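Reviewing the structure listed below.
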Amino acid sequence: MDKGKGVMGSGRRWAVDFTDNSTAPSSRDFPDPPGFSRASQDQDDSTVTKQKKDAEANWKVQKAWEVAQAPFKNLLMMGFMMWMAGNTVHLFSIGITFSALWQPISALQGVGKVFEPYKDSKVDLLGPKLLFIALNLGGLALGIWKLNTLGLLPTHASDWVSSLPPAQEVEYSGGGIPLH
């Protein structure tokens with residue numbers, strides 16, 4: 001059968017057989033053009049693969065820093081919402097405050113899961129993780145500050161009076177002589 005001719009007896013109407021059974025010299029018998037060699041192409045493939053891995057590692061580092069900076073936006077939003085809620089104790093301000101406390105706590109519990117997609121041997125995640133933790137601790141501090149401004153933290157001595165033992169009498173009166 002000639003090279004490139006359709007296979008008619010196979011039952012498939014438009015099948016093409018690309019096997020080279022001819023005795024003509026193949027393309028491998030011709031020398032490579034100037035500036036091209038098959039060995040350099042193999043080296044280029046390894047270089048391209050290394051460049052792809054480096055580009056992927058750079059992408060992972062960039063995305064990890066973006067994830068690490070995300071709590072800053074949340075910090076600004078929660079600060080604005082707490083400012084809008086005011087300093088009086090009511091349902092809205094308490095809900096905002098406890099939300100401001102809960103979000104950083106839950107984020108700090110899941111630091112490993114947050115940075116799991118960016119884990120790689122070439123990617124150093126210590127810096128992004130530390131920034132993520134620091135920003136969430138800042139959010140937690142903001143929530144605690146709001147609790148204090150609402151007067152919900154026991155920071156004064158009068159908040160602890162009920163847990164103090166009764167005061168002991170220092171002076172006793174044994175009676176007296178009335179003076180007229």
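On a predicted model such as this, the values are computed, not experimentally measured, just so you know.
Judged by distance alone, the side chain of Thr97 and the main-chain N or O of Ser93 form a donor-acceptor pair under 3.5 Å. With hydrogens and angles ignored, the 3.5 Å screen pairs a side-chain donor or acceptor of Asp159 with a backbone N or O of His156.
Partners of Lys63 according to the side chain to side chain donor-acceptor pair (under 3.5 Å) rule, which considers only residues two or more places apart in sequence or in another chain, are Glu66.
The two residues Ala100 and Gly143 make their nearest non-hydrogen contact at CB-CA, 4.3 Å. Listed here is the closest heavy atom pair of Lys122 and Ala57: CB-CB, 4.0 Å. Pairing each heavy atom of Ile94 with each of Leu152, the nearest pair is CG1-CD1, 4.2 Å. Residues Lys146 and Asn87 come closest through the heavy atom pair NZ-OD1, 3.3 Å. Considering all non-hydrogen atoms of both residues, Phe115 and Ala64 come closest at CE2-O, 3.5 Å. Closest of all the heavy-atom pairs between Pro104 and Gly139 is CG-C, 3.8 Å.
Remark: Asp124 CG to Tyr118 OH distance equals 16.0 Å, nearest 0.5 Å. Atom CG in Leu137 sits 11.0 Å away from atom CG in Leu75 (nearest 0.5 Å). Atom-to-atom distance recorded for Met77:CE and Met82:CE is 9.5 Å, nearest 0.5 angstrom. Rounded to the nearest 0.5 angstrom, Ser162 OG and Leu164 CG are separated by 7.5 Å. Interatomic distance, Leu131 CG to Gln69 CD, rounded to the nearest 0.5 Å: 6.0 Å. To the nearest 0.5 Å, atom CE of residue Met78 and atom CD1 of residue Ile96 are 5.5 Å apart.
Trp145 and Phe92 fall within the same hydrophobic cluster, defined by Ile, Leu, Val, Met, Phe, Trp and Tyr side-chain heavy atoms under 4.5 Å apart, directly or through other members. No continuous path of hydrophobic side-chain contacts links Val61 to Trp59 [ILVMFWY only; heavy atoms under 4.5 Å]. Both Ile144 and Val89 belong to a single network of hydrophobic side chains, linked directly or stepwise wherever heavy atoms of I, L, V, M, F, W or Y lie under 4.5 Å apart. Linking Ile, Leu, Val, Met, Phe, Trp and Tyr whenever their side-chain heavy atoms come within less than 4.5 Å puts Val67 and Leu76 in one cluster. Val114 is not connected to Trp102 by any chain of hydrophobic side-chain contacts under 4.5 Å among Ile, Leu, Val, Met, Phe, Trp and Tyr, and they are in different clusters.
Between Phe80 and Trp83, the ring planes are tilted. Angles from 30° to 60° get that label.
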Item to complete: Show the numbers, then the answer: is there a salt bridge (charged side-chain N to carboxylate O under 4.0 Å, His left out) between Lys52 and Glu56?
Response: CA-CA 6 Å; Lys52 283 183 181 179; Glu56 183 179 348; over 6 Å; no
Item to complete: Test side-chain contact (heavy atoms from CB on, under 4.5 Å) on Lys53 and Lys50 and set out the steps.
Response: CA-CA 5 Å; Lys53 287 182 180 180; Lys50 184 178 181 210; 5.7 Å; no
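In this structure, the side chains of Asn136 and Leu140 stay at 4.5 Å or more apart for every pair of heavy atoms.
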